[in-house]
Structures are given as C-alpha cells and as structure tokens.
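What follows is a short report on a single structure.
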Amino acid sequence: MALKTKDDYLKSLGKLGTKVFLFGDQIKDWISHPVIRPSINSIAMTYELAHEVDYRDLFTATSHLTGKVINRFTHIQQSPDDLKKKVKMLRVMGQKTASCFQRCAGLDALNTMSAVTYEVDKAMGTKYHQRFNTFLEYMQGEDLVCSAAMTDPKGDRSLSPSKQKRPDQYLRIVKESKNGIVVRGAKAHITGAVNSHEALVMPTRAMGAEEKDYAISFAVPNDTKGMFFIYGRQPSDTRRLETGSMDIGNINFGGQEALIIFDNVFVPCERVFLKGEYQFCRRLVEQFAAFHRASYGGCKSGVADVLVGAATLIAEIQGTRTASHVRDKLVEMTHLTETLYAAGIASSAEGHELPSGSYAVNSLLANVCKLHVTRLPFEIVRLAQDVAGGILGTLPSEREFKHPEVGRYVQKYLEGVADIPSEVRFRIIRLIESMTLGTGAVCLLVESIHGAGSPQTQRIIIERETDWEFKKKLAKRIAGLD
Ligand code: SF4
Ligand code: FE
C-alpha cells in the first residue's frame with residue numbers, strides 16, 4: 001500500500017498497543033480521547049490531502065528508492081524544488097489545521113538520517129545506510145509516521161551527558177548483545193510522539209569520546225516493550241472535555257507533545273543507525289536543526305494565515321475593519337507572515353546536494369528563518385489580540401450564551417455589525433483566544449521559541465556560518481583601505 005487514506009491511518013494506529021498516560025490514567029482508547037483526538041486529526045490531514053487532486057503534486061512525490069508514488073511526508077528530498085515543495089506543503093497544512101500537524105518532524109528526521117548514515121559509513125566503514133534505507137522503504141511503502149525523538153531531559157545543563165548525577169538524563173545504551181542493544185532514558189517534548197507509528201531516536205547534542213553509549217540512533221515501533229508515553233498538557237485543554245464546542249476555538253485540530261520513556265527497551269541490530277560514532281552527533285543534530293528550522297517557515301506562516309483571517313473577520317464583525325490603524329495592523333501581520341515564509345523558501349531555493357545525493361537546505365538561511373520564528377509570531381499574536389479587543393479575556397461561556405434566562409442578554413450584547421449573528425463573533429473570538437492564549441498558543445508561541453532549538457542555538461550557527469573576514473574586506477575596499 002503506497003498511499004494510505006485517513007481511515008487507513010486511523011486503523012493502523014488502532015492496531016498498535018501504544019501505552020499512553022494522561023490526567024493520571026492509562027488511556028486505553030486514546031485515539032478517541034477528546035484531548036488527544038485533535039492532534040490525530042491534524043496528522044490525518046497529511047493523508048487526506050495526498051488524495052485530493054488539487055494537492056497531489058504538493059503532497060506526493062516519487063520515492064528515490066523504489067520509483068513509486070509516496071506521501072511527501074516520507075520523501076527524501078532530491079532537489080531544491082523538493083525542498084521548496086515541502087515548505088509550501090507545510091504552509092497548506094498550517095492553513096488547514098491552524099496547529100502543529102507534527103508529521104514534518106519525522107520527515108526532517110528521515111532526511112537527516114538518510115544523509116548522515118551515508119556519511120558515517122563512508123568515514124567509518126559501517127553499514128548503517130543500507131539498514132536505514134530498509135527502514136525508509138518500509139516507512140514509505142506503508143505510508144507511516146515517525147516522531148523525531150531527539151530532545152533528552154538533560155538534567156543539569158552545566159554537565160555533559162556522562163557527568164550527570166543520574167546517567168539516564170540522556171538516553172543511553174545499558175546493555176549490548178550480538179542481536180542488538182538495550183537502551184534506557186527518555187525523550188522529552190516530542191512532537192506527535194503518541195500518534196506516530198514509530199519513534200526515530202537521535203542524539204540531542206554533540207558528544208565526546210566518553211559518551212559513546214549516548215551516541216545512538218535507532219527506530220522502534222511505538223508499542224515496543226518498555227516504551228510508554230506521558231502526554232503533555234496545553235492551556236485550556238480540558239475545555240475539550242466540556243459539553244458543547246463553542247468554547248474550544250479550534251474545534252477539530254491541535255498539536256501534541258509527550259514525554260517518551262524508554263525503560264530498558266531492546267532495539268534489534270537492523271534498527272540501529274548509529275552506535276558509538278560520537279564524532280557524528282554534532283553533524284547529525286545540526287543537519288536535523290537546519291531541515292526543521294526551514295520547515296517552520298512553512299508551518300508557522302500557514303498557521304499565521306488563519307490568525308490574520310480571524311483578525312480580519314473580527315474587525316469586520318466589530319465594525320473596525322476600515323479604521324486606518326486596524327488596516328495597518330492587518331497589513332503588518334501579513335508582512336510578518338510572509339517574511340517567515342520567504343525565509344523558509346529562500347533556505348530551500350539555496351539548498352545544496354549532500355554526499356548521499358539528497359538535498360539539504362542552506363543552513364545559514366534556515367537558522368535565520370527560525371530566529372525570525374522565535375520573534376515574529378509573538379508580534380503577530382500581539383496584533384491579533386490588539387485588533388480583537390479585551391473581550392478575548394472576558395467572553396462568557398457557551399452555557400451562558402445558550403442559557404434559557406440570560407442567553408438572550410449575552411447574545412444581544414455580543415452583537416456587532418447588524419445582520420451578523422452574535423454566534424459568529426463568539427466563535428471567532430474563541431478561535432483567536434485558543435490560537436493566542438489556549439491550546440494553539442503552544443504552537444504559535446512556546447513551540448515558535450523553543451521548537452527546533454531555542455533562539456541561542458540559532459545565533460550560534462549564524463555566528464559560525466557568517467564569513468566575517470569577507471565582510472571586513474568588503475568594508476575596507478569601499479573605504480579605500482585595500
Ligand atoms: Fe511541523 Fe511546524 Fe509542528 Fe515542527 S512545529 S512539527 S515544522 S508543524
Ligand atoms: Fe515543532
């Protein structure tokens with residue numbers, strides 16, 4: 001089966017015995033859980049759009065391994081055009097879900113491991129690349145999702161992995177046999193962890209010679225023995241447990257992060273893609289970071305498009321749309337949104353071929369893209385809140401809106417421009433609230449600043465990749481100091 005449908009995806013999740021904890025319980029039917037389901041719907045959209053004629057070119061690709069048509073979310077990019085199409089696809093996904101739709105983290109991890117296993121083999125004489133390709137062919141053929149399980153809990157940040165008081169603060173090998181390895185530790189804040197089929201595990205930082213046991217990459221199915229998931233909370237998540245839907249805002253879609261515990265998990269040799277080659281951890285992490293930092297230019301601009309739309313609607317409903325300062329704010333929101341997108345596209349257009357034959361984004365531009373993402377969505381959010389007004393923090397609940405006694409007052413005093421039902425205003429305010437203060441704020445704010453690395457990590461790469469001598473020479477020449 002090359003291209004799964006949304007239903008195929010849901011069924012395939014149901015076949016896994018993934019162990020999930022939320023609100024103090026192990027959730028057996030986690031696929032239908034109202035807090036978890038929106039994040040599943042977001043990933044499901046990557047399957048739906050691959051079957052729509054209008055999106056087929058963007059959401060499907062030809063596998064470089066098999067020549068078959070596959071979902072682009074499993075594709076190894078073969079040209080700058082592929083890189084650009086990925087960013088465009090992510091923007092569409094952001095527009096359709098107004099949330100983090102998670103699957104791109106795994107896509108970027110697949111591209112990273114495809115490139116890095118090749119380079120490790122060339123330098124060390126290992127056999128990781130073929131192993132990885134076998135895994136990749138399975139992922140593409142079955143149209144599966146993998147999470148990018150990179151971030152370790154890290155314990156005391158001033159200490160390297162091998163110096164931690166508790167050595168499991170970084171995932172590590174605790175036992176080895178001729179058939180495989182046993183690992184222990186955790187991966188934290190993992191996007192789309194629960195609703196993936198597989199976890200593709202990678203090291204989180206550069207490692208030294210004393211950290212060979214931490215220099216590991218592998219993939220395991222989510223229901224592997226010893227593995228379980230602790231679901232991360234989001235602001236206002238329990239509104240999804242209330243009756244009615246008007247107080248939710250983004251009704252169908254959401255993001256998802258979880259803590260993955262690896263409690264002595266066995267990984268067979270054929271699923272191990274790095275084991276002890278500590279010299280390549282930095283390269284691996286930076287390659288993943290570059291791919292994912294460019295991805296943000298697509299997803300965050302798409303999500304911001306929805307917020308610009310919501311701000312425009314609320315201005316129309318409240319009768320402020322033609323005020324010059326409101327028009328200016330909407331223009332500014334658009335300008336910032338397109339800046340994010342432009343940086344994602346630029347880093348893709350300037351992509352280059354890697355030794356493995358696949359393509360990587362321009363790292364400097366990808367880091368500039370992500371550094372913008374750590375700031376511009378905050379301004380976009382601020383402007384949306386400014387346009388919406390203080391009602392964002394004071395709107396009564398759906399129950400009062402529909403209350404037999406006070407409902408007519410709530411509805412009357414929520415009216416704006418004549419002829420627009422007050423329910424429209426209610427729902428748009430809730431959408432802006434959820435995107436900027438509720439569950440969606442994780443995507444637009446927290447994830448924007450910390451996802452794919454916090455701002456300082458981008459600055460480090462921008463400093464390293466800037467040719468300061470070249471720029472000094474330019475200045476000297478212009479100043480007549482040659
Ligand atoms: Fe994809 Fe954006 Fe979520 Fe990263 S933050 S997984 S790029 S939607
Ligand atoms: Fe993310």
Side-chain angles (χ1 to χ4, degrees), residues 38-47 49 58-59 71-75 77 83-112 145-151 187-196 199-200 202 232 234 250 253-258 288-307 337 340-341 343-345 347-348 361 366-367 369-374 376-378 380-381 435 439-455 457-458:
S39 62
I40 297 171
N41 292 342
S42 290
I43 290 195
M45 185 63 79
T46 68
Y47 289 94
L49 294 183
L58 221 45
F59 280 72
N71 192 301
R72 189 175 290 282
F73 276 94
T74 64
H75 182 51
Q77 286 115 23
L83 293 165
K84 280 190 286 180
K85 278 186 174 157
K86 178 190 79 169
V87 173
K88 286 171 191 271
M89 171 176 76
L90 303 194
R91 187 166 187 177
V92 170
M93 282 296 303
Q95 293 169 344
K96 297 277 184 190
T97 63
S99 72
C100 168
F101 38 88
Q102 309 142 59
R103 197 174 178 185
C104 20
L107 167 62
D108 292 335
L110 290 173
N111 275 271
T112 301
V145 182
C146 65
S147 61
M150 178 171 264
T151 307
K187 290 288 180 179
H189 331 296
I190 304 305
T191 297
V194 171
N195 46 355
S196 293
L200 177 47
M202 299 169 289
Q234 294 177 336
N250 185 343
F253 303 103
Q256 175 200 112
E257 268 84 25
F288 175 76
F291 277 130
H292 206 49
R293 288 170 191 174
S295 291
Y296 271 54
C299 79
K300 299 304 175 208
S301 58
V303 174
D305 284 330
V306 178
L307 193 56
T337 301
L340 299 176
Y341 179 62
I345 288 290
S347 58
S348 306
V361 292
N367 278 278
C369 176
K370 175 67 205 338
L371 197 53
H372 273 312
V373 171
T374 66
L376 307 195
F378 284 76
I380 295 170
V381 161
M435 291 182 74
T439 51
V442 175
C443 165
L444 262 184
L445 300 177
V446 185
E447 196 175 50
S448 284
I449 192 160
H450 292 298
S454 308
T457 60
Q458 287 113 66

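When a ligand or atom number is given, it counts from 1 through the structure's own listing order. Just the heavy atoms: all of them, side chains too, but no hydrogens, waters or symmetry mates, feed the values below. For the single chain, residues carry numbers from 1 onward in sequence order. Just so you know, these numbers come straight off a predicted model, no measurement behind them.
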Exercise for the section: With heavy atoms under 4.0 Å as the rule, classify the contact between E447 and ligand 1 as side chain, backbone, both or neither. Expected result: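 Answer for E447: side chain.
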Practice task
Measure R103 to ligand 1 on non-hydrogen atoms and call it side chain, backbone, both or neither using the 4.0 Å cut-off.
Solution key: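 Within the 4.0 Å criterion, R103 makes no contact with ligand 1.
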Handout entry: H292 touching ligand 1 at heavy-atom level, < 4.0 angstrom
Key =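 It does; at least one heavy atom falls under 4.0 Å.
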Practice task
Please confirm if an N, O or S atom belonging to C299, backbone or side chain, lies less than 2.8 Å from atom 2 (Fe) of ligand 1.
Solution key: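 An N, O or S atom of C299 is closer than 2.8 Å to atom 2 (Fe) of ligand 1, so yes.
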Handout entry: Set of salt bridge (Lys or Arg N to Asp or Glu O under 4.0 Å) partners for K88, sequence neighbours left out
Key =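 Checked K88 against salt bridge (Lys or Arg N to Asp or Glu O under 4.0 Å); zero matches.
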Closer than 4.0 Å to some heavy atom of [X] - which atoms of ligand 1 meet that?
X: C104; answer: 1 (Fe), 6 (S), 7 (S), 8 (S)
X: K300; answer: 5 (S)
X: S295; answer: 7 (S)

Practice task
Starting at CD of E257, measure out to NE2 of H189 and round the result to the nearest 0.5 Å.
Solution key: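 Atom-to-atom, E257:CD and H189:NE2 are 9.0 Å apart.
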Handout entry: Backbone of T97 reached by a side-chain donor or acceptor of N250 within 3.5 Å
Key =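 Side chain of N250 to backbone of T97: a pair is present.
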Exercise for the section: Determine yes or no for a side-chain-to-main-chain donor-acceptor pair under 3.5 angstrom, with K86 supplying the side chain and F291 the backbone. Expected result: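 Checked: pair present.
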Problem - Plane angle bin for H292 and F288 - parallel if under 30°, tilted between 30 and 60°, otherwise perpendicular - result: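 Correct class here is parallel.
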Practice task
For the residue pair F101 and F73, categorise the inter-ring angle as parallel (less than 30°), tilted (30 to 60°) or perpendicular (more than 60°).
Solution key: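 Perpendicular, since the angle between the ring planes exceeds 60°.
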Problem - Under 2.8 Å: N/O/S of C100 next to atom 3 (Fe) of ligand 1 - result: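 Yes - counting backbone and side chain alike, C100 has an N, O or S atom under 2.8 Å.
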